Protein chains: 2
Amino acid sequence: MKENKFLAIYNDLLLQIRKGTFQPNDKLPSENELSQQYQTSRETIRKALNLLSEHGYIQKIKGKGSIVLDVGKYDFPVSGLVSFKELAQKMRKPARTIVHELEIVKPDEYIRKHLSVPNKDEVWKVIRSREIEGEKIILDKDFFHRKFVPLLTRDICEDSIYEYIEKELKLKISFAKKEMFVDQVTDEDRKYLDLNGYEHVVVVKNFVYLEDASLFQFTESRHRLDKFRFVDFARRTH
Amino acid sequence: MKENKFLAIYNDLLLQIRKGTFQPNDKLPSENELSQQYQTSRETIRKALNLLSEHGYIQKIKGKGSIVLDVGKYDFPVSGLVSFKELAQKMRKPARTIVHELEIVKPDEYIRKHLSVPNKDEVWKVIRSREIEGEKIILDKDFFHRKFVPLLTRDICEDSIYEYIEKELKLKISFAKKEMFVDQVTDEDRKYLDLNGYEHVVVVKNFVYLEDASLFQFTESRHRLDKFRFVDFARRTH
DNA sequence: TAGTGGTCTAGACCACTGC
DNA sequence: CAGTGGTCTAGACCACTAA
């Protein structure tokens, strides 16, 4: 697998920022210098620098140069596409996933509306709760179109469905849309969560699309109020 | 003010998508065709198409072409950097901003920590509530470093501080970091909001940076539970 | 004024798609 | 196979910043 030149340069510069060769508030070499150092064209350097900028590692300023940002401050997951397993590992807390339901169903109206599935097609329905430090604080309801995900097992659901989808099935996730709001607790919430007396949950609805822009997953994630936290990083497009 | 060529093309294509000249699931003309139509180079066309893609209007697929996505589904503000005034206009609902406090203060520890201001410097403190359809449902607490914003008036605060900052002061907002979580209501919330019996609020903390990566504003936005809603659109970077 | 990043051009070759 | 988007080049001119 050959790596693109601009990606290689991006990774090399990122490594130097992480190692401290370039410190926060340092200026990177100019684009002309970099294109000589890496023996490439300036446009290719610019692609690498724009990636660094989009990911929050540098700030480009016209007429001045590219400044290294304080990595610690901005190094958080890009919002939206991080799985529970990755999150749990990042937080370094004991975490567990409990599979309550795993079945193939005919979509009801609610799912059909969200997944836009013809009503004779079948979908996977997975209900899991997520336990952190002994408390079940997240209820995940996932629906996958069976056309894309032929087989799901309890083991896969307890590990990471995302890993399975990307690594085993080699489906390419392209983008996701999220909606967040607060909802009253339902009987299902009471059944599967340690609610600790709260009467509301934060609901995160997640619509996941593949590379060809087809919607293949719909997830509703219900979080206990006190444990919900979301971080977002937005760069202005002028 | 001259518009960039690639921006002009972006806007033109966007208009045609909005008007329905290009329908969802249509393929756009190929990059070569477009570069002839617009009498420009292919790289410039690519910049326009990449913008459309980043904003969720099209999906580019190697070897096939660029597909128009369902606009209605994805046409929402890019998360993070939309002001209340813009939002209110978009929703077409009667909205009002009420300024409760507007003063210059020595930063206390809480602000100092978030704005990273030396403790002898002064900051603007603005407390406003946002009323929609007659109900005060958002409490905004803004802090600006006085170094960047020398003057603030009640009129500016009732209109849009963002507009004032960008258009009058010509400060360039570059990126923002958001944190969201749920908090118990405070006395301040009770005083300034119509809480409708709710005991919690959704808190959105917003850290806004200028083009030179200096943090110049810190905002805490407290939303009544039932009226909070957030939409996020994330494109995966492979 | 010299140096920076932002835009733009007219080519080129590649990997992938569909027929 | 022809056509598509992805990468890359070696130039050019511009707007902005700082000395």
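These numbers come from a predicted model, not from an experiment. Letters A, B, ... mirror the listed sequences (proteins, then strands); counts begin at 1. Below, each value reflects all heavy atoms present in this structure, side chains not excepted, and no hydrogens, waters or symmetry copies.
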d(CG, A:L49; C1', C:dG6) in whole Å:
13 Å
Heavy-atom nearest nucleotide on DNA chain C for B:K62 versus B:R42: which residue maps closer to 5'?
B:R42
Note: B:T97 and B:R128 closest approach over all heavy atoms is CG2-CD, 3.8 Å
Closer than 4.0 Å, any side-chain N/O of A:K64 to the OP1 or OP2 of D:dC16?
no
Could you work out how much the helix from C:dT1-D:dA18 to C:dG18-D:dC1 bends, comparing the axis of its first five pairs with that of its last five, to 10°?
10°
Using atom CD of A:E43 as one end and atom P of C:dG6 as the other, report the distance to the nearest whole Å.
10 Å
Please report the distance, rounded to the nearest Å, between CD1 in B:I58 and P in D:dG5.
9 Å
Kindly write out the residues that satisfy side-chain hydrogen bond (donor to acceptor under 3.5 Å, both in side chains) with A:T153, not counting sequence neighbours, or none if the list is empty.
none
How close or far is atom P of D:dC8 from atom CZ of B:R46, stated in whole angstroms?
11 Å
Could you tell me if the ring centre of A:F228 sits under 6.0 Å from that of B:F181?
no
Look at the side-chain N and O atoms of B:K5 and state whether any lies under 4.0 Å from the OP1 or OP2 oxygen of C:dT7.
no
Near DNA chain D, counting only heavy atoms under 4.0 Å, which residues of residues 26-40 of chain A show up?
A:T40
